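The shown structure was predicted, so the numbers you read here are calculated from the model rather than taken from an experiment.
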Number of protein chains: 2
Amino acid sequence: MATIKDVAKRAGVAVSTASYALNGINKVSQATVDKVLKAAQELNYQKNGIASDLKRTKTNTIALILSDLSGPYFSELIKGVQDVTTSNGYDLIACSSVGGDKSTATKFLREKRVDGAIVLATNISTEAIKASAREDFPIVVLDREVANPHVIHVEVDNQQGGYDATKHLLYKGHRSIAYVSGPLDSHDNKERFKGYKAALAASEIPYHSRWTINGDFTREGGYRATRTLIAQQNLPEAIFYANDEMAIGGLQAFSEKGIRVPEDISIIGFDDIQLAAYVHPPLTTVRQPKYEAGSLSVHLIFQMLAGESVDQTYKLATEFVERDSVKKR
Amino acid sequence: MATIKDVAKRAGVAVSTASYALNGINKVSQATVDKVLKAAQELNYQKNGIASDLKRTKTNTIALILSDLSGPYFSELIKGVQDVTTSNGYDLIACSSVGGDKSTATKFLREKRVDGAIVLATNISTEAIKASAREDFPIVVLDREVANPHVIHVEVDNQQGGYDATKHLLYKGHRSIAYVSGPLDSHDNKERFKGYKAALAASEIPYHSRWTINGDFTREGGYRATRTLIAQQNLPEAIFYANDEMAIGGLQAFSEKGIRVPEDISIIGFDDIQLAAYVHPPLTTVRQPKYEAGSLSVHLIFQMLAGESVDQTYKLATEFVERDSVKKR
DNA sequence: CTGTTAGCGCCTTCAC
DNA sequence: GTGAAGGCGCTAACAG
């Protein structure tokens, strides 16, 4: 593999000259530039980005850390991140945190392979995040709160969303409303649950723990939770699923048992994933401003990189989306 | 930021000793190792991966290049890639080729930032791929053929799939079958189209160019193509869409016009994306072995990295998936 | 405008 | 077992 040295030699100039020419730095005569470019071409020279990054102690790329590259992601969020990253002349790479603290993601976090990171990956420990965040390595987390001056938290107002969803169910006349939760340690889940309880309290409906079932944010989990709810006899009038995937799993459980949604039971999800509009009945849900969350996150990273100070936490509003999975009245 | 030098100094040993200790190389006394580790801990030392990669001229990571990180991807494919990459102790990063030949992706391709790459991104030029592939930098392409000994082509048997789909329509008694194509320069599209024509020919049905409409693999494109088909009056009895997204767009066009699928017209898609089973009616389609394609690709990369020789092209079989968008007979 | 040179942070012979 | 020293390939002063 040809190096810049080879190019310089072939062009009959010094390495620095070759470097200037190759990088379009206005310090070299056009004739020299041509010579260098020609030599580079002939040798099929490709710069070694690693060496250049090392020298400049800067990579010009930011990482988006996802718990699983193949997961059902919010493409809107990725789009938001992508758009502002590239429009700032930075590169974006996505890496997976499968494997937790010894995953690719953690490696990139720790080893200065990128200039900043956005993490949406519950399976990475908060410790790992704390250990990596520094003044010149800002991190934005989307799924938890981290007490560290160099990590910023961007979140959707999950509590408000949960409140709105539950309130809607109440407004439609339902009194017994179950909550199918996400993983108990999920920040998002906790907040949605708080909203659920707050809405109940606001309507002076007592909260019954028998009506909260554990799920795990997966379709399968929603399916199972729903089956156990059905098996319990005495179905509630409505269910608030902590996310759409689980609600869709629930839909399947109901359909198998011949229980009609929304005639027999009303349900609401959370997220407004793409599928939500396509299932039957189309799912009433709470939309997250995903694009905004993504673009805001990168914006914050750039601000921190520029040495500006930013707030520790940003909370984005949700939007209630009414479709057909709640009984009209 | 502490470097290995600082650690060595603090531990009172030479840099090399620190390096050995840190990397668990069995050359240092346990006492020294402890000293070094302690110093590293105290300084919150994090190795600089870039420097280490540079020195070793090896990154231990492979790149998956996608035309758009936020696109509707085959998560199965990504999973296949991810699984075998990590199980080989390598890291995987995904990068976007938005921006074509001056995108993040191209940068990673060219600049030795990874040890190998899998590309599924039509917006990257074949030239860029050719220029980057080398003996020690294998590339697997999933969406085209590239004449270069260091780039391998893994593809699904699109032609067979197209043939099967069309044959099925024929078998169900349809004689006039339209083809809604993908982008004309898409390799996949061309192959599917070949299959379509071959099936027609095998049944001695003449091919009418009026029944092939240009689409672009997007839902919107399928919608538009379908609208023009409808506007043309004289609808065919069936339509073979070159992918599911377009078929779903078509479904919408039909539903707006009150045309029933499959009663009034039969349709078939290609890919078997997740949504395919959820739309109404559930879409009959051709499934691609996505997981296998992904895992095979990485396998090949590792083989090439190990200096073994592999074939130039691999073709995977498709599977016909019958659902309810084709009229029974 | 061009060349010389000193590192970026790490790994790895090679002596001791 | 430990230390000194030489790069990996590139950039950016600094001289000329």
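A search for salt bridge (charged side-chain N to carboxylate O under 4.0 Å, His left out) contacts involving B/R10 returns B/E42, not counting sequence neighbours. Listed by chain and residue number, B/R134 satisfy the salt bridge (charged side-chain N to carboxylate O under 4.0 Å, His left out) test with B/D136 (two or more places apart in sequence, or in another chain). For B/K107, the salt bridge (charged side-chain N to carboxylate O under 4.0 Å, His left out) test picks out A/D91, with sequence neighbours left out. In this view, B/E292 satisfies the salt bridge (charged side-chain N to carboxylate O under 4.0 Å, His left out) rule with no residue, not counting sequence neighbours. With sequence neighbours excluded, no residue satisfies side chain to side chain contact (heavy atoms under 4.5 Å, CB included) with A/K190.
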Sugar-phosphate or base contact per nucleotide [nucleotides 9-16 of chain C; S, B, -; heavy atom under 4.0 Å]:
BBBBB---

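Atom CG of A/D34 and atom C1' of C/dC1 are 15 Å apart (whole Å). As a whole-Å value, the separation of A/K58 NZ from D/dA12 P is 11 Å. Atom CD of B/E111 and atom C1' of D/dG9 are 12 Å apart (whole Å).
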